[in-house]
Amino acid sequence: MRVYHNLSSDNTNVNPNVYADGNISLPTQVISPNSTSFGGTTTLQQNQQSFDSIQDVNNNIGMSPVIRNKNTNEEGLVLASKRLWEQNYYLKTSYVPTISGVGRQLYYPSPSPTTQFYSGDSRISDSKQIEFTTRMISQDEYVRDATKLPLGMTIQPFVDLIPALNPAETTVPLTPGIPPLRCKRCRTYVNPFFKFNRDGSVTCNICKVKNQISDPQMEFHFNSGNASMSSSLYPQLYKGTVDFIVPETYNINKGNSSVPLHYLFLIDTSIISKGNVMTSFLNAAKETIEKLCIEQPNCKIGIIAFDLSLRFFNLSSNLGSPSEYIVNDLKEPFLPILDGLFVNPVESKKIILLTFERINELIEQSMFGNHPRNVYGSALMAAKLAYKTVTKGEGGKIICYLSSKPTYGEGNLSLTKDDNQKTSLRCDNQFFLKIGNELLANQISIDLYLFNNKFHDMSNICYPVRRTNGNVHYYPDFNFQEDLQTLKNDMLNDISKLVGYQGLLKVRCSEGLSVGKYYIHDGSTKEPMFGCLTKDTNLDIQLKYDDKIKPGSDVFFQVALLYTDLNGIRKVRTLNSKVTVANTLSNSFNYSNEHVILRIMLKDVIFKYLSNWGVNRIKEELDDNLLEIITQYIALISGNNNNTSFTGNSVLNGGGNNTISNGGSSNRLDYKLPRGIQHLLNYILGFEKVESMIFNRQSTRGNQRIATLYDLVSMSSSRLMYKLYPQIIPLHLSMMEEDFEYYDSNEMLIQMNELNIPGMSVSNSGHHITNGGCYLIFDGEVVYLWFNENTNPMLLEDLMGSDGLANVIAKGEFPTNLDTAINKKVQNIIKNWRQTIGRSANLKIKSLRPSVDKYYHSVISHLLVEDRLVEGTFKGPDTLSAYTTEMFASAKRRVSKRDFVKNNKNLNNAHENLHQDYVQF
Ligand SMILES: [Zn+2]
């Protein structure tokens, strides 16, 4: 293998911070607004221009907290370091989410969604599938209110697991005539925490009621006392997650077999669609059909086109060419055909592909009549009717291409415009509210592909997508060369991620708690429906207390998801988990999980944004919620602390040779939050900088604002964390042989030499972007490659090959045939990111060069979330250090005024043990 760190001494264009072979050396200086020289090199001033752009972005005050900690205790680490430490920790340790001996055993907080790990207790569903705001809940609402931490859970029933969930090992077959064993009282499905009694009965873990066993086989095995044999025969007794195959009485049309998944391509053929974009969409659609023929050969396909009329296509395999039927009744569309409306893709592949070609041809020849307008609303009505008639209400997936907002037919939005008159992102069009509900009621889910940056009124046109848990894909500046592959990957990825349809979810839990709110649709307590289910399907749930729960006891949860798999088999997936009731307030804090807390906090404000709140009110609410948590923590847990002078500079460097040009040099944060919620501030600040939260005087309903918000609503946990705090990997620093190599034979866990973690931890601030460096940055969607003109050209060549960047841009990926160490490591890093977010298609690679890439400023300002944002304004502080300082200062002021929740008997009792308990921890 070639080694890229091969710098010749006479190469004066190369910055000395780009390292030669050998030991790790850390940057001696970082770019900061106050730096007038750079590492003593002569190249800086010559190239000052090149990183002015960074400084523009980072015209901030104070410092970002930087911690160079050389021990393995991750407490107190900045987020960039924590991610790497945590991943290393879980190389050799599997995660056991259950807690026994409350507060007595060393407990490592739940792994972050960005960490890959093996789960250590099969009786409990993997914490990627079901995780709580805390594994130690408070005993009642009074104590919970004293923490101000929300109580809830995040469910991702089909998320990729390590190792992959094996269907053969986790499917409970259907015994004819015998339904799955369930508690007669609360209807909980049998699970590893059901207690089998000697008298042949079983006690339900949720409601504690004794049931007689109805399954003769199971009874036999338990009576015979052969427990190990029973375990191997009954995965429901030892696996937290199983799929029960259920009888036809569980079907939507009771007693009838489920229909296969029906896909409908709904294509806007108005003249605005003409051009590369339509060609690209149809290209992607063709590849999707090819994929479906192989992966879902039993599915059905339909195509409806629309401009000022609706066009139905007969796709019957016995036709030589596509035949079409035009419907002009837009108020009450009817179906001109039934036969050939939905067909099998394998049998009718030829005619389907011909129909796509014909649609393209007709648009190119403007034979659809040059209409710039479309009847999207009426098309949705026609789609609903087609599904209702053909599938008898069993629904399916619509893949819709739309080039502009509808200005004709039902749901006419010709009068809407983007101004600053409406602050909330509420859907305020009655038609779209109604059709959204109707699509969901008919088990239909819609994915929408939107192009160009004209105002689309996405609050309204995308409402049916949000209502039916579909995806919005928005390409504002679609470029045929660069974005065709992205579009294809997005569509193929959506199809690959589908796992089922016709979903209905129910949560059961032990006495004392119940569901307060499902963060879906209108935030109700009604059991959520899912037209389609994917590996990304997720749900956040707020829990509420109905009663006080005894400290030290376990609270059990079972999530039951009724769905039809892609083979048309009706199943119930059950997820089982439990939490323990804390005996001290500090445990509630220490065992908390900031990622779930963050999701609940964000969902709470996002749903207000989607009803009637404006962006400023959202920010104030979020800040206030965070301030309350910090205040309660300081007041009740870490109080009487002598370190009263928190400043943004009071962060450490680890005594190494890296110094911060304008920094202080304390060894730790004077105030810090317990590690369970240590990085809430980072993430919330990151959220306040997403496109949806940027204040804009002229526009409040811009496309990007809504596209981003819809994306955030449906994001899996791992993608959300990368989005709110992108990961930055420096490629110009020396790496050790094992760095970014896979640790396990399954190639799921990526490792690092611990000595190299400090150097590889780059916080998301321009202070830490080194001139002449080379960085890989991932925001949960795109992998950016940052470099500038001072970056070592040999490094870039080793990374991208002799064809270099142009090739990478054209293909959107790094070449895989280079035999260089850095290329291999980068391939691993990208593969690992792809695995972590569970994407089947490749991640897109984009260059990010100051003064070269036109999108540089807007992108970098969203990536460097610790810095001041260039666009938009905030009312409050917007750098991490200023935000942290203000939050802690405000919290302290509240505490000094005794302005916090107190005077509760439970709390007073709990508080006596708090400090000692926490110190031990
Ligand atoms: Zn029960």
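Numbering of ligands and ligand atoms starts at 1, following listing order.
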For the pair Tyr563 and Phe530, evaluate ring pair (Phe, Tyr, Trp, His ring centres under 6.0 Å) and give the outcome as yes or no after the intermediate values. CA-CA 9 Å; Tyr563 73 105; Phe530 300 86; over 10 Å; no

Check Ile495 against Tyr263 and note the closest heavy-atom contact, atom names and distance. CD1-CE2, 3.6 Å

State, without any angle test, whether Asp540 and Thr154 hold a side-chain donor-acceptor pair at a distance under 3.5 Å. yes

So, is the end of the Arg570 side chain (NZ or CZ) under 6.0 Å from the ring centre of Tyr250 and within 45° of the ring's axis? no

If the condition is salt bridge (charged side-chain N to carboxylate O under 4.0 Å, His left out), which residues does Asp494 pass it with, not counting sequence neighbours? none

Near the Zn ion (ligand 1), which protein N/O/S atoms fall under 2.8 Å? Cys183 SG, Cys186 SG, Cys204 SG, Cys207 SG

Judged by modelled atom types alone, do Ser445 and Lys397 share a side-chain donor-acceptor pair under 3.5 Å? yes

